[in-house]
*Asks:* 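Before I ask anything, here is the structure I am working with.
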Amino acid sequence: GVPQILSGTGATGTFSGTYPKIIPNVTWTKRYIGRSGNGTGDGWYIGNIDDFRIYNRVLNPYEVSILYLSGQNTIKLLEFGDTFYDDTTNLVAWYKFNGNGNEMLMDSSGNAYHLVNNGGSIFDNVNYRTGNGSVYLNGSSQYLDMPASINPYTVWNNGNGMTFTCWFKMSTSSGTWARFFDFSDGAINAVASNWIVFNKNNTGTTLFFEIYTNNGSKTNFVPTISY
């Protein structure tokens, strides 16, 4: 589902590795937005994230385009008969980041998979794409925890694949391999054996998505767009 996530922007990129046929049934102890779960060597995310979604299937190009256009103010979706934008049928979690305080942390999918705010992540009502705000992370101690109920193994195997979508505005000052999101196993601050990550590509200005499993199966995708 990775090319489709980026297809709304017309992005292309490069795949490498072996596409994993299954997400491993491990204990996903680290489920972060804005922080790495793979040891202490990776940097932190600086910037905004908005309208973060997890689906239990692969979205088709039309659906990705609807999500992309929803943040462009170029069409009125409902006037064109679209019902996908607000459809929660295949949503595992939907973080709109609307409203201050605890309201910013609420899951709008109907599954009540609410976030935990660590380090005082900030509601930003100036820089956002949809709704009335986004979450801002300062790159030093702020990140969000997703609940253990969001299990990539369950999502992948109970549905038809998996899709992650979000809007973001990341500072070029973000640290090396700074994470948009990170699902990984193992002890907190320890190097993981399995992970699903979307992050800054090393120290550069491109992006990087990877699924890695302990049996050596991995795939990654590096889009050609820069942030």
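Small disclaimer: the values here were computed from a predicted structure and weren't measured.
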*Asks:* Could you tell me the separation between the SG atom of C166 and the CZ atom of R129, rounded to the nearest 0.5 Å?
*Replies:* 12.5 Å

*Asks:* Do L105 and I150 belong together in a cluster built from hydrophobic side chains that touch within less than 4.5 Å?
*Replies:* yes

*Asks:* Supply the atom-to-atom distance N201 CG to T206 OG1, rounded to the nearest 0.5 angstrom.
*Replies:* 4.0 Å

*Asks:* What's the verdict on side chain to side chain contact (heavy atoms under 4.5 Å, CB included) for V135 and L144, showing C-alpha distance, side-chain angles and the deciding distance?
*Replies:* CA-CA 10 Å; V135 64; L144 302 171; 4.1 Å; yes

*Asks:* Does the side chain of V64 come within less than 4.5 Å of L67's, by heavy atoms?
*Replies:* no

*Asks:* Of all the heavy-atom pairs spanning N199 and A178, show the shortest one and how long it is.
*Replies:* CB-O, 2.9 Å

*Asks:* Could you go step by step and tell me if Y227 and T172 meet the side chain to side chain contact (heavy atoms under 4.5 Å, CB included) rule?
*Replies:* CA-CA 8 Å; Y227 62 90; T172 55; 3.9 Å; yes

*Asks:* Working note: L207 + F168, criterion side chain to side chain contact (heavy atoms under 4.5 Å, CB included); need CA distance, chi angles, decisive distance, verdict.
*Replies:* CA-CA 12 Å; L207 307 174; F168 68 89; 3.7 Å; yes

*Asks:* Rounded to the nearest 0.5 Å, what's the gap from OH on Y136 to CG on D124? Could you check?
*Replies:* 8.5 Å

*Asks:* Would you check if the side chain of D107 reaches a backbone N or O of Y113 as a donor-acceptor pair within less than 3.5 Å?
*Replies:* yes

*Asks:* Kindly indicate whether the side chain of I33, heavy atoms from C-beta on, has any atom under 4.5 Å from the side chain of F52.
*Replies:* yes

*Asks:* Would you say that T176 contacts N202 through its side chain, given a criterion of any heavy-atom pair below 4.5 Å between the two side chains?
*Replies:* yes

*Asks:* Any chance you could lay out the ring-ring contact (aromatic ring centres under 6.0 Å, His included) test for Y45 and F180, step after step, and finish with the verdict?
*Replies:* CA-CA 7 Å; Y45 182 97; F180 294 89; 5.2 Å; yes

*Asks:* Answer yes or no: is there a donor N or O on one side and an acceptor on the other, between the side chain of K30 and the main chain of D185, under 3.5 Å?
*Replies:* yes

*Asks:* Considering non-hydrogen atoms only, spot the tightest contact between T213 and N194 and give its length.
*Replies:* CA-OD1, 3.2 Å

*Asks:* Minimum heavy-atom separation for K218 to E210, with atom names?
*Replies:* CD-OE2, 3.7 Å

*Asks:* Could you give the distance from OG (S121) to CG (N138), rounded to the nearest 0.5 Å?
*Replies:* 7.5 Å

*Asks:* Once rounded to the nearest 0.5 Å, what's the spacing between atom CD1 of I54 and atom CG of N111?
*Replies:* 10.5 Å

*Asks:* Could you tell me the separation between the NE2 atom of H114 and the OG atom of S108, rounded to the nearest 0.5 Å?
*Replies:* 9.0 Å

*Asks:* Would you say D51's side chain and K96's backbone share a donor-acceptor pair under 3.5 angstrom?
*Replies:* no

*Asks:* Output yes when a side-chain donor or acceptor of N38 lies under 3.5 Å from a complementary backbone atom of A192, and no otherwise.
*Replies:* yes

*Asks:* If you take all heavy atoms of N157 and I23, which pair is closest and at what distance?
*Replies:* ND2-O, 4.1 Å

*Asks:* So if you build clusters from Ile, Leu, Val, Met, Phe, Trp, Tyr with side-chain heavy-atom gaps below 4.5 Å, do F97 and V92 land together?
*Replies:* yes

*Asks:* I'd like to check the ring pair (Phe, Tyr, Trp, His ring centres under 6.0 Å) partners of F208; sequence neighbours left out, ordered by chain and number.
*Replies:* W177

*Asks:* In chain order, what residues pass the side chain to side chain donor-acceptor pair (under 3.5 Å) check against Y55, with sequence neighbours excluded?
*Replies:* R53

*Asks:* Below 30° counts as parallel, above 60° as perpendicular, anything between as tilted: where do the rings of W167 and Y68 land?
*Replies:* parallel

*Asks:* So, does T163 use its side chain to make a donor-acceptor pair with the main chain of R57 at under 3.5 Å?
*Replies:* yes

*Asks:* Under a 3.5 Å threshold, yes or no: a donor from one side chain and an acceptor from the other, between N158 and T154?
*Replies:* no

*Asks:* Given 3.5 Å as the limit, does a donor-acceptor pair link the side chain of D145 with the main chain of V116, or not?
*Replies:* no

*Asks:* With heavy-atom distances below 4.5 Å as the criterion, would you say the side chains of R179 and D42 are in contact?
*Replies:* yes

*Asks:* Taking a hydrophobic cluster as the set of Ile, Leu, Val, Met, Phe, Trp and Tyr residues connected by side-chain heavy atoms closer than 4.5 Å, whether directly or through intermediates, do L137 and W44 fall within one such cluster?
*Replies:* no

*Asks:* Does F181 form a ring-ring contact (aromatic ring centres under 6.0 Å, His included) with Y32? I'd like the steps, not just the answer.
*Replies:* CA-CA 5 Å; F181 66 82; Y32 300 145; over 10 Å; no

*Asks:* For N214, does its backbone N or O pair with a side-chain atom of S193 as donor and acceptor, under 3.5 Å?
*Replies:* no

*Asks:* Output yes when a side-chain donor or acceptor of N60 lies under 3.5 Å from a complementary backbone atom of E63, and no otherwise.
*Replies:* yes

*Asks:* Assess the residue pair N118 and Q142 against the criterion (side chain to side chain contact (heavy atoms under 4.5 Å, CB included)); give the C-alpha distance rounded to whole Å, side-chain angles, the decisive distance to 0.1 Å, and a yes or no.
*Replies:* CA-CA 6 Å; N118 290 279; Q142 295 175 342; over 6 Å; no

*Asks:* Taking the side chain as every heavy atom from C-beta outward, state whether F183 and I211 have any pair of such atoms under 4.5 Å apart.
*Replies:* no

*Asks:* If only atom types and distance count, is the side chain of S174 paired as donor or acceptor with the main-chain N or O of I46 below 3.5 Å?
*Replies:* yes

*Asks:* Answer yes if V197 and Y95 sit in the same cluster of Ile, Leu, Val, Met, Phe, Trp and Tyr residues linked by side chain heavy atoms under 4.5 Å apart, and no otherwise.
*Replies:* no

*Asks:* Is there a path of hydrophobic side-chain contacts, each under 4.5 Å between heavy atoms of I, L, V, M, F, W or Y residues, that connects F209 with M146?
*Replies:* yes

*Asks:* Kindly say whether T130 contributes a backbone atom to a donor-acceptor pair with the side chain of D50 at under 3.5 angstrom?
*Replies:* yes

*Asks:* Give the minimum heavy-atom separation between G37 and D182, together with the two atoms involved.
*Replies:* N-OD2, 2.8 Å

*Asks:* Identify the heavy atoms of S134 and I49 that sit nearest to each other, and give their distance.
*Replies:* CB-O, 3.4 Å

*Asks:* Between N56 and N90, is any side-chain donor less than 3.5 angstrom from a side-chain acceptor?
*Replies:* yes

